[in-house]
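Following: one structure in structure tokens, then a few remarks.
For this chain, numbers begin at 1 and follow the sequence in order. Whatever order the structure lists them in is the order used to number ligands and atoms, beginning at 1.
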Amino acid sequence: MAKDRQYKIAVIGGDGTGPEVVREGLKVLEAVSKKFGFNYSLSMLDYGGERYLKTGKIISDKEISALKKFDAIYLGAIGHPDVKPGILETGLLLKLRFGLDQYINLRPVKLYNSQFCPLKDKKPEDIDFIVIRENSEGLYKGIGKFVNKGKKSEVATQISYNTRKGVERCIRYAFEYCRVRNKRKKLTLCGKTNVLTYAWDLWQRTFNEVKKEYPDVETDYAHVDATTMWFVKNPEWFDCIVTDNIFGDIITDLGAMIQGGMGIAAGGNINPEGVSMFEPIGGSAPKYTGKNVINPLAAICAVGMLLENVGQMKAADAIESAVIKIVQTSLKSLAAGKMGYTTQGIGDLVAKNL
Ligand code: IPM
Ligand code: MN
């Protein structure tokens, strides 16, 4: 990448504590850009609950299209206490993921300090895996209906929609990722072949076909219920996990807890051919809003993922190393209000340790 290249980053602080954690992420971005000598410009966008309550607008197709010209999107959190649950989540977050065809959700699960792990006797080397979640189909597709709504005979259906193309591109991405990650080179398919005999038949068949092209990658299969058990009992068995949208959603909250909590868990919504969006995976935490107590490390780690995605590997590594250092040596806890530092204090600390 040319030295005078300027990355165009769209920033959506969003709701609740989103803007506070994003502020710290941007503080770290500024510091790391100076250290490694790259340029960027920020476009601050006000999409979220406040704008919706004021104007009734969530995000238009035109606004989604305008995002395609950015190199990356940095998102804080979506979810406002005065807006009925579901409206912003589907109308904004899912619309962004789908509208920008971010068909992969990458969620690293990495323990930095065993003191912050709720599991007994697990060390950083035992918890170091990544979940590759399909991010555009499955139960999230929004296909379903009510029959006889409100009556005793009511039936509600919600379809898990899986296309060969959608499943294959996700599985292929996962094999490539696992190969390039080059750690244990093991990819586990996490599903439910014993009950969901249509959807998971397609997933399993596709997985078995694609794996022939990756003889260097060891493969495994685990049912989703068993996967949650292994996350607690033997997380060291995992390297890369590929799964569908809903299972990926569920297991990554558990993943976040075993790596130390929502305060440290970051994720990327990836369109390998387009613009990707990086976010802390936790919510907007309304009860902590404006108190300067929320942990910004997840948002800071999301900046690291963003920089890795645009090709600034050294800057991304520097952020991760600084986060590891302060998590191992400075913080009392990773939980809101218990860290021994304020939100801003942690941002400063990471910036100082780059
Ligand atoms: C997540 C969140 C979202 C999801 C919600 C807010 C729509 O839980 O990013 O994991 O279910 O994907
Ligand atoms: Mn979730």
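The count of protein N, O or S atoms under 2.8 Å from the Mn ion (ligand 2) stands at 1, with waters excluded from the count.
Between the side chains of Glu279 and Asn269, a donor-acceptor pair is found at a separation under 3.5 Å.
Checking side-chain atoms of Thr17 against main-chain N and O of Ser284 turns up a donor-acceptor pair under 3.5 Å.
Residues Arg181 and Asp128 are paired through a salt bridge, judged by an N-O separation under 4.0 Å between the basic side chain and the carboxylate. Between Glu30 and Lys34 there is a salt bridge, with a side-chain nitrogen of the basic residue lying less than 4.0 Å from a carboxylate oxygen of the acidic one.
Because its NZ or CZ atom is not both nearer than 6.0 Å to the ring centre of Phe247 and within 45° of the ring axis, Arg133 does not count as a cation-pi partner of that residue.
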Which N/O atoms of ligand 1 sit under 3.5 Å from a protein N/O, and at what distances?
from, atom 1, to, atom 2, distance (Å)
ligand 1, 8 (O), Asp249, OD1, 3.3
ligand 1, 9 (O), Arg97, NH2, 2.7
ligand 1, 9 (O), Arg107, NH2, 2.8
ligand 1, 10 (O), Arg107, NH1, 3.1
ligand 1, 10 (O), Arg107, NH2, 3.1
ligand 1, 10 (O), Arg133, NH1, 3.4
ligand 1, 10 (O), Asp249, OD1, 2.8
ligand 1, 11 (O), Tyr140, OH, 2.6
ligand 1, 11 (O), Asp249, OD1, 3.4
ligand 1, 12 (O), Arg97, NH1, 2.7
ligand 1, 12 (O), Arg133, NH1, 3.4
ligand 1, 12 (O), Arg133, NH2, 2.8

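Trp237 pairs with exactly one of Phe129, Trp230, Phe231 by the ring-ring contact (aromatic ring centres under 6.0 Å, His included) rule, that one being Trp230.
Here the two rings, on Tyr214 and Phe175, have centers that are under 6.0 Å apart.
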In a table with atom names and distances, give each donor-acceptor pair under 3.5 Å that connects a side chain of residues 328-337 to protein atoms at least two apart or in another chain.
from, atom 1, to, atom 2, distance (Å)
Gln328, NE2, Tyr112, O, 2.9
Thr329, OG1, Lys325, O, 2.7
Ser333, OG, Ala335, N, 2.9

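Listed by first and then second residue, the side chain to side chain donor-acceptor pair (under 3.5 Å) pairs that reach into residues 341-350 are Lys27-Asp348, sequence neighbours excluded.
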